[in-house]
Protein chains: 2
Amino acid sequence: MTNAPHASIAVLVVDDHPLLRDGLAAMLASQPDMRLVGEATDGEQAVKLFASLRPDVVLMDLQLPRMDGVEAITRIRAQDPRARIIVLTTYTGDVRAVRALHAGAAAYLLKDMLRRELIDTIRAVYAGRRLPVPGVIAESIAAHVVDDALSPREIDVLRHAGAGLSNKLIGGRMGISEQTVKAHMKSIMAKLGARDRTHAVTTALSRGILALETLPLADPGTRARD
Amino acid sequence: MTNAPHASIAVLVVDDHPLLRDGLAAMLASQPDMRLVGEATDGEQAVKLFASLRPDVVLMDLQLPRMDGVEAITRIRAQDPRARIIVLTTYTGDVRAVRALHAGAAAYLLKDMLRRELIDTIRAVYAGRRLPVPGVIAESIAAHVVDDALSPREIDVLRHAGAGLSNKLIGGRMGISEQTVKAHMKSIMAKLGARDRTHAVTTALSRGILALETLPLADPGTRARD
DNA sequence: GGCCGCCTACCCCGAAAGAGGTGTTAGCGC
DNA sequence: GCGCTAACACCTCTTTCGGGGTAGGCGGCC
């Protein structure tokens with residue numbers, strides 16, 4: 001099917017930062033056996049472009065507007081289970097990386113990584129290998145993932161807490177009682193080793209369980225300002 | 001390489017992400033009147049490289065390891081008050097941008113900006129203009145900066161709150177009474193328009209008033225478990 | 001001298017949070 | 001089927017938060 005003209009690897013880049021895309025484009029241009037076939041700026045676009053372009057390898061950021069990277073990976077893999085996706089993230093202890101790998105990503109790289117490693121990884125992934133993770137990252141994942149693993153429900157509760165909602169309001173918004181929200185909060189704090197809800201949120205942020213952008217922040221209806 | 005001997009703008013790029021540096025490098029390479037003369041990955045290196053390379057324009061990220069971008073700007077301007085520095089940030093409502101401008105930065109740009117704007121800004125700044133800010137940003141700054149401006153003491157309190165300390169503990173650690181801490185928290189929440197301490201912390205984080213790295217996180221004495 | 005903002009500190013008090021429990025359901029191992 | 005665990009749900013209890021005030025000392029600014 002995607003029999004490339006002369007064995008060149010067709011790469012789709014998904015990232016919301018134009019400059020970073022340029023960086024990746026420049027890197028790909030310097031490699032004779034790679035070519036950039038498309039760029040997407042959010043998850044939805046990534047899914048669509050994958051369908052039309054059928055690239056050999058996808059480089060995807062996890063932090064995306066409109067549709068989360070993990071979600072995009074899931075959908076792309078649903079389209080084509082052989083899709084080869086390399087995940088790029090900024091933070092070291094990012095738990096989403098693990099979710100991305102579960103969702104079918106072939107490898108996981110940090111953005112502040114050397115070009116060589118990225119290039120090597122692209123070739124390795126194209127060759128069919130999975131997870132040629134350069135050690136350091138594997139460890140950093142392992143070190144963090146052991147004990148967090150918040151349930152989806154807990155993450156939801158915590159996201160709302162980060163937005164400054166009270167347990168009662170969270171319960172109202174999620175359709176459960178205030179007491180239940182409290183129970184979730186207890187479990188969250190125990191898992192994260194946090195002292196209170198505020199600490200739980202900052203801990204989750206620093207571990208990549210939550211992202212500032214995904215918080216229901218700046219919701220106009222409840223602006224305190226008044 | 002640097003084969004543009006005359007009338008070319010010498011640019012120093014300061015960012016901790018190699019890929020983003022590559023993106024900037026590619027962008028500069030596409031402009032005949034610009035050349036990349038050096039790259040720094042942290043604030044200290046930026047100050048040193050500025051001293052030795054004397055670039056015409058510096059492109060600097062605010063989020064840097066080892067030395068903060070604002071600090072680096074201050075030191076560079078101390079070396080040479082004519083230094084032309086363009087600040088790059090990720091977030092829209094970043095208060096550090098204002099501090100950077102106060103510290104002597106000539107302009108302020110968002111990373112997810114079009115290349116054209118960046119190139120235009122570089123030329124404008126090189127020509128001696130200051131703050132050719134593309135409207136949107138100026139507004140986003142103005143909209144946010146009016147009312148935050150937390151006092152140093154308040155920022156301290158908020159940092160401890162982000163670490164999960166109770167008002168009593170914060171007071172103990174800062175050498176003031178719990179009542180005073182509460183007074184500060186009240187003022188903080190009023191200024192930030194936050195609903196509770198958790199919201200205050202996330203709001204401050206998203207505006208760049210606080211940084212996750214600077215939180216007294218992971219302090220061993222009071223660790224819950226793990 | 002006034003005015004204002006910062007830092008400090010205190011009062012009251014209702015409404016949350018967080019620390020104890022209990023129970024239900026679903027899934028997994030055997 | 002029988003334990004076991006984990007997610008989810010609900011109920012008390014005490015502590016803490018956060019909103020409403022008030023107020024003195026201190027510094028800058030008009």
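Chain identifiers are assigned alphabetically (A, B, ...) following the order of the sequence lines, protein sequences preceding nucleic acid strands; residue numbering begins at 1 within each chain.
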Specify the separation, in whole Å, of atom [atom1] of [X] and atom [atom2] of [N].
{"X": "B:Ile188", "N": "C:dC6", "atom1": "CD1", "atom2": "C1'", "result": "13 Å"}
{"X": "B:Met189", "N": "D:dG19", "atom1": "CE", "atom2": "C1'", "result": "9 Å"}
{"X": "B:Gln179", "N": "D:dC17", "atom1": "CD", "atom2": "P", "result": "11 Å"}
{"X": "B:Lys186", "N": "C:dC6", "atom1": "NZ", "atom2": "P", "result": "16 Å"}
{"X": "A:Leu165", "N": "C:dA15", "atom1": "CG", "atom2": "C1'", "result": "16 Å"}
{"X": "A:Arg195", "N": "C:dA17", "atom1": "CZ", "atom2": "C1'", "result": "16 Å"}
{"X": "A:Met185", "N": "C:dA19", "atom1": "CE", "atom2": "P", "result": "10 Å"}
{"X": "A:His160", "N": "C:dA16", "atom1": "NE2", "atom2": "C1'", "result": "18 Å"}

On the nucleotide [N], are OP1 or OP2 found under 4.0 Å from the side-chain N or O atoms that [X] carries?
{"X": "B:Arg153", "N": "C:dC7", "value": "no"}
{"X": "B:Asn167", "N": "D:dC17", "value": "yes"}
{"X": "A:His184", "N": "D:dA7", "value": "no"}
{"X": "A:Lys182", "N": "D:dC13", "value": "no"}
{"X": "A:Ser177", "N": "D:dC10", "value": "yes"}
{"X": "A:Thr180", "N": "D:dA9", "value": "no"}
{"X": "B:Lys191", "N": "C:dC6", "value": "yes"}

From [X] [atom1] over to [Y] [atom2], what is the distance, rounded to the nearest 0.5 angstrom?
{"X": "A:Leu12", "Y": "A:Ile76", "atom1": "CG", "atom2": "CD1", "value": "7.0 Å"}
{"X": "B:Asp56", "Y": "B:Ile122", "atom1": "CG", "atom2": "CD1", "value": "11.0 Å"}
{"X": "B:Leu19", "Y": "A:Asp15", "atom1": "CG", "atom2": "CG", "value": "9.0 Å"}

Exercise for the section: Could you pick out which residue, A:Glu178 or A:Ala183, lies toward the 5' side of DNA chain C when each is mapped onto its nearest nucleotide? Expected result: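 The residue mapped nearer the 5' terminus is A:Glu178.
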Problem - Salt-bridge present (A:Asp16, A:Arg21; N to O < 4.0 Å) - result: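 Salt bridge absent between A:Asp16 and A:Arg21.
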Handout entry: Carboxylate-amine/guanidinium proximity below 4.0 Å for B:Asp156 and B:Arg159
Key =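 Yes, charged N to carboxylate O under 4.0 Å.
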Practice task
For A:Lys168, report the nucleic acid contact type (base, sugar-phosphate, nothing); a contact means any heavy atom under 4.0 Å.
Solution key: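 Sugar-phosphate only.
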Exercise for the section: Rounded to 10°, tell me the angle between the two end axes of the helix from C:dC7-D:dG24 to C:dC30-D:dG1, each built from five pairs. Expected result: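 Comparing the axis at each end, I get an angle of 60°.
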Practice task
Measure the shortest side-chain to side-chain distance between A:Val181 and A:Leu169 over non-hydrogen atoms and say whether it is less than 4.5 angstrom.
Solution key: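 Not in contact.
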Problem - Listed partners of B:Glu178 passing side chain to side chain donor-acceptor pair (under 3.5 Å), at least two apart - result: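 Per chain and number, B:Glu178 pairs via side chain to side chain donor-acceptor pair (under 3.5 Å) with no residue.
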